[in-house]
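This report concerns only the one structure given below.
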Amino acid sequence: MRHPSLIPLSHDHHHGLALALRCRKQALGQIRPAGAEGVRQRVREAREFYERNLVPHFCAEEKVLFPWLRARAADSGALIDRLVAEHRRLAAAFEALEETGDAARRLFDLGDLLERHIRAEERQLFPLYEKNVRGEEGDRIGGEIERALERGAKVSP
């Protein structure tokens with residue numbers, strides 16, 4: 001069971017994993033509509049999800065969760081550096097979906113990267129946070145995460 005302060009981020013992860021699966025299945029022609037029209041629909045869905053959910057999500061992690069954890073868990077630096085780099089790779093991958101060429105391949109690769117990233121946060125980052133957070137500090141961090149998500153949603157592209 002997740003620490004309550006992480007629930008909004010974990011909720012986003014749930015939806016992100018579902019999108020990652022749909023992206024991979026769409027790229028393989030396993031969901032309808034198949035072919036170019038299906039890929040175009042999934043690209044639109046992915047871009048909307050990125051703008052509505054992941055831009056604020058990345059903001060909350062990078063402005064609240066990562067700095068807090070970096071300050072309290074000396075062994076978190078390499079993991080956080082990797083996750084921030086993945087945020088940049090994911091942003092570039094979502095932007096590249098609109099390019100001409102093999103959209104199905106880009107969609108599949110995006111789904112793969114998104115799933116691996118989410119799994120790393122759920123299996124490595126969140127347990128590290130839960131090991132280090134104490135009492136009311138978790139409530140404060142949870143409030144900051146929620147405010148960052150709200151602010152990020154207002155400024156997302």
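These numbers come from the heavy atoms of this one structure, side chains and all, not from hydrogens, waters or symmetry mates.
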Worksheet entry | With Arg105 via salt bridge (charged side-chain N to carboxylate O under 4.0 Å, His left out) - residues at least two apart | Asp109

Worksheet item: Quick one: side chain to side chain contact (heavy atoms under 4.5 Å, CB included) partners of Leu21, sequence neighbours excluded?
Response: Arg24, Lys25

Worksheet, complete the sentence: Residues at least two apart in sequence or cross-chain that pass side chain to side chain donor-acceptor pair (under 3.5 Å) with Gln26, listed by chain then number, are Arg42

Discussion item. Quick check: is Ile31 connected to Leu114 through a chain of hydrophobic side chains (ILVMFWY, heavy atoms under 4.5 Å apart)?
Written reply: no

Worksheet entry | Spacing of Ser76 atom OG and Leu65 atom CG [to the nearest 0.5 Å] | 9.5 Å

Fill in: Gap separating the CG atom of Leu83 from the CG atom of Leu90, nearest 0.5 angstrom
10.0 Å

Worksheet item: Are the side chains of Arg119 and Gln124 in touch, meaning some heavy atoms are under 4.5 Å apart?
Response: no

Response to the item:
Asp81 meets the side chain to side chain donor-acceptor pair (under 3.5 Å) criterion, sequence neighbours left out, with Arg70

Worksheet item: Quick one: do Arg47 and Glu95 make a salt bridge, cutoff under 4.0 Å?
Response: yes

Item to complete: Would you check, one step at a time, whether the test side-chain hydrogen bond (donor to acceptor under 3.5 Å, both in side chains) holds for Gln41 with Glu37?
Response: CA-CA 6 Å; Gln41 287 178 11; Glu37 179 56 30; 3.2 Å; yes

Practice prompt. Tell me, please, which residues at least two apart from Glu137 pass salt bridge (charged side-chain N to carboxylate O under 4.0 Å, His left out).
Written response: Arg72, Arg140

Discussion item. I need the single residue from Glu86, Arg89, His13 that forms a side chain to side chain contact (heavy atoms under 4.5 Å, CB included) with His117. Which is it?
Written reply: Glu86

Fill in: Nearest-0.5 Å distance that lies between atom CD in Glu115 and atom CG in Leu17
6.0 Å

Worksheet item: Step by step, would you call Lys63 with Phe58 a side-chain contact (heavy atoms from CB on, under 4.5 Å)?
Response: CA-CA 8 Å; Lys63 293 191 185 305; Phe58 291 170; over 6 Å; no

Worksheet item: Taking atom CG of Leu107 and atom CZ of Arg40, what is their separation to the nearest 0.5 Å?
Response: 12.5 Å

Worksheet entry | Asn132 side chain vs Leu128 backbone, donor-acceptor pair below 3.5 Å | yes

Item to complete: Output, in order, the C-alpha distance, side-chain angles, deciding distance and verdict of side-chain contact (heavy atoms from CB on, under 4.5 Å) for Glu61 and Glu121.
Response: CA-CA 10 Å; Glu61 288 177 340; Glu121 287 188 350; 2.6 Å; yes

Discussion item. Quick one, Leu69 and Leu79 - any side-chain contact, counting heavy atoms below 4.5 Å?
Written reply: no

Worksheet item: If we only count heavy atoms from C-beta on, is the Tyr50 to Leu97 side-chain gap below 4.5 Å?
Response: no

Worksheet entry | Any residue meeting side chain to side chain contact (heavy atoms under 4.5 Å, CB included) with Glu146, in chain and number order, not counting sequence neighbours | Pro8

Worksheet, complete the sentence: Heavy-atom nearest pair, Cys23 first then Ala46, reads SG-CB, 4.4 Å

Worksheet item: With the 4.5 Å side-chain cut-off for hydrophobic clustering, are Trp68 and Val84 part of the same group?
Response: yes

Worksheet item: For Ile145 and Ser5, which heavy atoms make the closest approach, and how far apart are they?
Response: CD1-O, 3.6 Å

Worksheet item: In chain order, what residues pass the ring pair (Phe, Tyr, Trp, His ring centres under 6.0 Å) check against Phe108, with sequence neighbours excluded?
Response: none

Worksheet, complete the sentence: Taken in chain and number order and not counting sequence neighbours, the residues that satisfy side chain to side chain contact (heavy atoms under 4.5 Å, CB included) with Arg2 are Leu6, Ile7, Ser10, Glu122, Phe126, Pro127, Glu130

Worksheet item: Of all residues at least two apart in sequence or in a different chain, which pass the side chain to side chain donor-acceptor pair (under 3.5 Å) check with Arg88?
Response: Glu62

Worksheet item: Going by heavy atoms in the side chains, are Asn53 and Leu19 under 4.5 Å from each other?
Response: no

Worksheet entry | Contact summary for Val64 and Ala148, nearest pair of heavy atoms | CG2-CB, 4.0 Å

Practice prompt. State which residues pass salt bridge (charged side-chain N to carboxylate O under 4.0 Å, His left out) with Arg106; sequence neighbours excluded, sorted by chain then number.
Written response: none

Fill in: Side chain proximity check, Leu125 to Ile80, heavy atoms < 4.5 angstrom
yes

Worksheet item: Quick one: salt bridge (charged side-chain N to carboxylate O under 4.0 Å, His left out) partners of Arg116, sequence neighbours excluded?
Response: Asp112

Worksheet entry | By ring pair (Phe, Tyr, Trp, His ring centres under 6.0 Å) - contacts of His14 (at least two apart) | none

Practice prompt. Determine, stepwise, if the pair His15 / Phe49 fulfils ring-ring contact (aromatic ring centres under 6.0 Å, His included).
Written response: CA-CA 9 Å; His15 293 291; Phe49 182 81; 7.2 Å; no

Discussion item. Restricting to non-hydrogen atoms, name the atom on Tyr129 and the atom on Gly138 that form the minimum distance, rounded to 0.1 Å.
Written reply: OH-CA, 3.9 Å

